[in-house]
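One is the number of the first residue; the rest follow in order along the sequence.
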Amino acid sequence: FDLVEGLRKKSVWMSFAWDEIQQRYRRSYLGLAWIVVSYLLFVAAIAIFFGGFSGLDGKKFTAHVALNYAIFNFLIASLSDGCDVFRSSRHWLKSSTLPHSIYVYKSIARSLFVLFINLCIAMIIVFLYADEIKIISLLAIPALIILIINAVWVQMILGYLASRYRDLTHFIQSISRVLFFITPVLWVFDERTGIVRQISNFNPFTHALEIFSAPLLGHYPSLLSWGV
């Protein structure tokens, strides 16, 4: 019921999200352009310094990093923002009767804004560097919907738990650093064997990236990844 009521108040959480985005980049010379600049700097650095460790040619590796880094940032934001989603809005929670899910939708809308900007840049890189876009690229649409739906319940659960157990926030911060290295952003999953591949297979982020980026790069995602 709370989720439905919150979803109906779209104008409220959209306004909250846009206000927070403006506050974050207020009084900076580049403003929202910092989203693009920081994203391009990271993709370029990884493509240059890690491209030589992959069997893919430089252009395809750059497309791989561009897509996967954009989605990885959204997934990590779902964890880190989820821990703070209610704690940061405690004054609103105490003084209003708004559905709790509004603060979750606000948080996700803010992350989606950044994601869509990064994906626009990533798709330009894919068009320039990867193979031709195929019809299976449309599978990325239901994949993105699944990731957004997952982000809702993840943030709801983490929001309530982290409000009660503060150690959860520190745990999520610690595990986020590990997830960056065991998720195929800096490297390509199909090129790894042994313990690295096994650990990565147990990482749900690996499968989240697979179902979204594989279709855009011209490959069918595995049924295992869809299931996870």
Side-chain angles (χ1 to χ4, degrees), residues 39 42-43 45-47 49-83 108 111-112 114-116 118-119 121-123 125-126 129-131 133-134 136-155 157-158 168 171-228:
Y39 172 76
F42 181 88
V43 172
I46 296 303
F49 291 102
F50 287 86
F53 296 101
S54 172
L56 297 177
D57 64 56
K59 293 182 177 180
K60 289 185 177 180
F61 183 75
T62 302
H64 162 86
V65 173
L67 282 173
N68 287 316
Y69 182 59
I71 291 296
F72 180 83
N73 274 344
F74 174 74
L75 297 174
I76 284 295
S78 295
L79 295 182
S80 58
D81 292 349
C83 290
I108 294 174
S111 297
L112 282 174
V114 176
L115 172 63
F116 285 137
N118 289 342
L119 282 181
I121 306 300
M123 290 310 301
I125 295 174
V126 170
Y129 288 170
D131 295 330
I133 302 298
K134 301 177 182 178
I136 62 170
S137 297
L138 294 175
L139 289 175
I141 297 175
L144 183 58
I145 293 173
I146 289 175
L147 298 184
I148 294 173
I149 292 173
N150 273 304
V152 173
W153 70 260
V154 165
Q155 290 210 16
I157 292 175
L158 287 178
L168 180 61
F171 173 76
I172 292 297
Q173 291 174 349
S174 299
I175 200 68
S176 294
R177 300 185 184 98
V178 177
L179 284 171
F180 182 70
F181 293 103
I182 65 174
T183 304
V185 177
L186 307 178
W187 47 276
V188 180
F189 179 78
D190 290 337
E191 295 178 350
R192 293 295 184 267
T193 58
I195 188 66
V196 174
R197 189 183 181 96
Q198 292 175 15
I199 293 174
S200 183
N201 243 332
F202 281 103
N203 175 13
F205 277 28
T206 296
H207 303 285
L209 266 59
E210 168 73 6
I211 63 173
F212 181 83
S213 63
L216 293 173
L217 295 173
H219 312 293
Y220 283 100
S222 69
L223 291 178
L224 172 65
S225 293
W226 281 111
V228 172

Answer yes or no: is there a side-chain heavy-atom contact under 4.5 Å between N73 and V114?
-> no

Measure from the side-chain N and O atoms of W187 to the backbone N and O of F50, and report whether any donor-acceptor pair falls under 3.5 Å.
-> no

L223 atom CG, neighbour heavy-atom count above 12 within 6.0 Å = no

How many angstroms lie between CG in L144 and CG in L112, if you round to the nearest 0.5 Å?
-> 7.0 Å

Closest heavy-atom contact between L158 and S78?
-> CD1-O, 4.3 Å

Taking all non-hydrogen atoms of both residues, which atom of E210 and which atom of P215 are closest, and how far apart?
-> O-CD, 3.8 Å

Should we count CZ of F180 as having more than 12 external heavy atoms under 6.0 Å?
-> yes

Can you tell me how far the CD1 atom of I46 sits from the OG1 atom of T62, to the nearest 0.5 Å?
-> 10.5 Å

Mind checking the CE-CG spacing from M123 to L216? Nearest 0.5 Å is all I need.
-> 5.0 Å

Where is the tightest heavy-atom contact between A66 and Y39, given as atom of each residue plus distance?
-> O-OH, 2.5 Å

Return the minimal non-hydrogen interatomic distance between L217 and A63, and the atom names on each side.
-> CD2-CB, 4.0 Å

If you round to the nearest 0.5 Å, how far is CZ of F205 from CG of L179?
-> 5.0 Å

Given L79 and V154, is the side-chain contact (heavy atoms from CB on, under 4.5 Å) satisfied, shown in steps?
-> CA-CA 7 Å; L79 295 182; V154 165; 3.9 Å; yes

Provide the closest heavy-atom pair for R197 versus D190 in the form atom of the first, atom of the second, distance.
-> NH1-CA, 3.8 Å

Could you tell me whether the side chain of S80 and the main chain of I76 form a donor-acceptor pair under 3.5 Å?
-> yes

Test item: I125 and L67 side chains (from C-beta on) under 4.5 Å apart, heavy atoms | no

From CZ (R177) to CD1 (I182), nearest 0.5 Å = 14.5 Å

Close side-chain approach of S213 to I71, heavy-atom, < 4.5 Å | no

Quick one: are L119 and F212 in side-chain contact, heavy atoms under 4.5 Å?
-> yes

From S200 OG over to R192 CZ, what is the distance, rounded to the nearest 0.5 angstrom?
-> 10.0 Å

Any side-chain heavy-atom pair from F189 and N201 closer than 4.5 angstrom?
-> yes

Stepwise side-chain hydrogen bond (donor to acceptor under 3.5 Å, both in side chains) test for S54 and E191 | CA-CA 8 Å; S54 172; E191 295 178 350; 3.1 Å; yes

For the residue pair Y69 and F42, does the interplanar ring angle fall in the parallel (under 30°), tilted (30 to 60°) or perpendicular (over 60°) class?
-> parallel

So, for P184 and N68, which heavy atoms are closest and what is the spacing to 0.1 Å?
-> O-ND2, 3.6 Å

